[in-house]
Structure formats: structure tokens, C-alpha cells
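First comes the structure, then the notes that go with it.
Below, read A as the first sequence line, B as the second, and so on, with proteins coming before strands; counting in each chain starts at 1. What you see is a predicted model, and the numbers here were worked out from it, not measured in a lab.
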Amino acid sequence: GESVGLHLPTLSVQEGDNSIINCAYSNSASDYFIWYKQESGKGPQFIIDIRSNMDKRQGQRVTVLLNKTVKHLSLQIAATQPGDSAVYFCAERYGTSYGKLTFGQGTILTVHP
Amino acid sequence: ETGVTQTPRHLVMGMTNKKSLKCEQHLGHNAMYWYKQSAKKPLELMFVYNFKEQTENNSVPSRFSPECPNSSHLFLHLHTLQPEDSALYLCASSQGEGTSGNEQFFGPGTRLTVL
């Protein structure tokens with residue numbers, strides 16, 4: 001039979017609005033989380049990371065929130081711009097394997113001028 | 001630019017061909033990775049090399065053969081691939097085990113089509 005692929009979540013916003021992209025992670029033992037942005041035709045680009053001993057971290061126009069109780073991660077983008085249009089992935093790391101990241105499925109963000 | 005380059009950017013090959021993908025990082029990192037990105041699927045880790053030693057093989061079929069001659073270069077040798085192997089193959093690097101650097105820097109990927 002035909003295999004069914006994932007339907008990526010999508011988020012459409014107007015330029016200047018704030019965007020919130022959500023991610024549910026799988027392992028309560030995960031100790032490190034990263035958000036990546038992937039534009040069409042390019043590899044993923046690092047946005048911001050957070051360790052499990054923190055619940056909030058801010059960067060330039062971006063904030064990551066971590067809720068370990070419900071295993072939820074969010075990325076907030078302030079004053080979203082058309083250049084922010086991309087697929088956004090969260091990734092988690094757990095165990096002693098420093099380099100083994102498990103990626104989420106991604107969210108498509110579209111910013112309308 | 002992330003400091004990680006991949007060649008070729010696009011590759012079309014038949015199922016009986018043998019080809020190789022190349023990755024080079026100019027960041028002084030000690031760990032390198034191969035990922036497969038298929039349409040509508042999460043990124044799948046294939047292989048991890050740390051200080052030129054393979055530390056992870058994520059149940060990848062033997063038709064994919066990695067090679068890491070030094071910490072700056074990583075290859076993925078391909079032979080007798082299947083059409084379902086068509087995907088974007090991404091290389092990444094990071095500082096490596098025993099360091100504080102967890103962030104992985106990705107190359108632009110090689111878009112592979114298997115006919």
C-alpha cells in the first residue's frame with residue numbers, strides 16, 4: 001500500500017507579528033535542545049540552544065522556552081520578517097552520546113509581507 | 001556560510017553506479033556526521049565520527065559506506081542504491097566528545113536522485 005508521509009505543521013503570520021513554534025520532545029532524560037532553521041535549498045542553520053537546567057534563553061529576536069514537566073519546547077520569534085520564512089526543527093540530545101541529536105518533524109513558517 | 005562544504009550539490013545515479021559524496025569542514029571540529037533528509041520525514045542520523053573513529057552507525061544499510069580519513073573530511077560511498085535512497089544527504093560537524101560544544105554546523109547537502 002501507499003506509505004503516508006508526515007504532514008508538516010504550518011504557521012502563517014504577518015510581517016511584524018510575533019511567532020511561536022512548538023515542539024514536543026520524546027525523552028524526559030534529554031539534557032540539551034537546539035532549534036534549527038532550514039531555508040529552501042540549504043542545510044539547517046543553528047538558531048538557539050538551551051540546556052535542561054534552564055527554562056528560558058534569549059537570543060537576538062528569538063526566545064526558547066523549555067517546560068520539562070510536559071516535555072515541551074517553544075521558539076518565539078519577535079517581529080517576524082519575510083526572511084524568517086523557513087522550516088524550523090527542534091532537536092534533543094539524551095544519554096551520554098554527545099553528538100546524537102534526535103530531530104523533530106519540523107514546522108513550516110510562512111511570513112506574509 | 002557555515003564552514004561546512006559538500007560536493008556535489010546534486011547527483012543523479014543509476015542503481016548499478018558507484019559514487020561518493022564529499023564533506024569538508026573548515027571549523028577545526030573533531031566530530032562529523034552524515035544525515036539523511038527525506039521528504040516529510042525528520043532528519044535521520046546515519047553515521048557519527050569522533051576524532052576519525054566511527055562512534056555511531058544508526059542501522060544504515062551496507063550500500064552506504066562512510067570514510068573519515070581525517071577530522072576535516074568525511075565521505076559517503078554509495079553503491080547499488082535503491083530509488084528509495086533518493087534524498088538530501090547532509091553533513092554536519094561539531095567540536096566533539098569531551099568538549100562543551102554541542103552545536104552541529106550543517107553543510108548545504110547533496111540532493112541525490114537514484115533512478
So for A:Q45, is it side chain, backbone, both, or neither that comes closer than 4.5 Å to the heavy atoms of chain B?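 Answer is neither: A:Q45 stays 4.5 Å or more from chain B.
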Taking the six-membered ring for Trp and the single ring otherwise, decide whether the centroids of A:F46 and B:F106 are under 6.0 Å apart.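 No, they do not, as the ring centres are separated by 6.0 Å or more.
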Measuring centre to centre across the rings, with the benzene-like ring taken for any Trp, is B:F47 within less than 6.0 Å of B:Y35?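 Between B:Y35 and B:F47, which both carry aromatic rings, the centre distance is not below 6.0 Å.
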Heavy-atom distances under 4.5 Å only: say whether [X] touches chain A with side chain, backbone, both or neither.
| X | answer |
| --- | --- |
| B:L90 | side chain |
| B:R111 | neither |
| B:Q37 | side chain |

If you measure from CG on A:D49 to CZ on A:R93, what distance do you get to the nearest 0.5 Å?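 Reported value, rounded in 0.5 Å steps: 10.0 Å.
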Rounded distance (nearest 0.5 Å) linking atom CD1 of A:I47 with atom CZ of A:R61: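 One gets 10.0 Å once the value is rounded to the nearest 0.5 Å.
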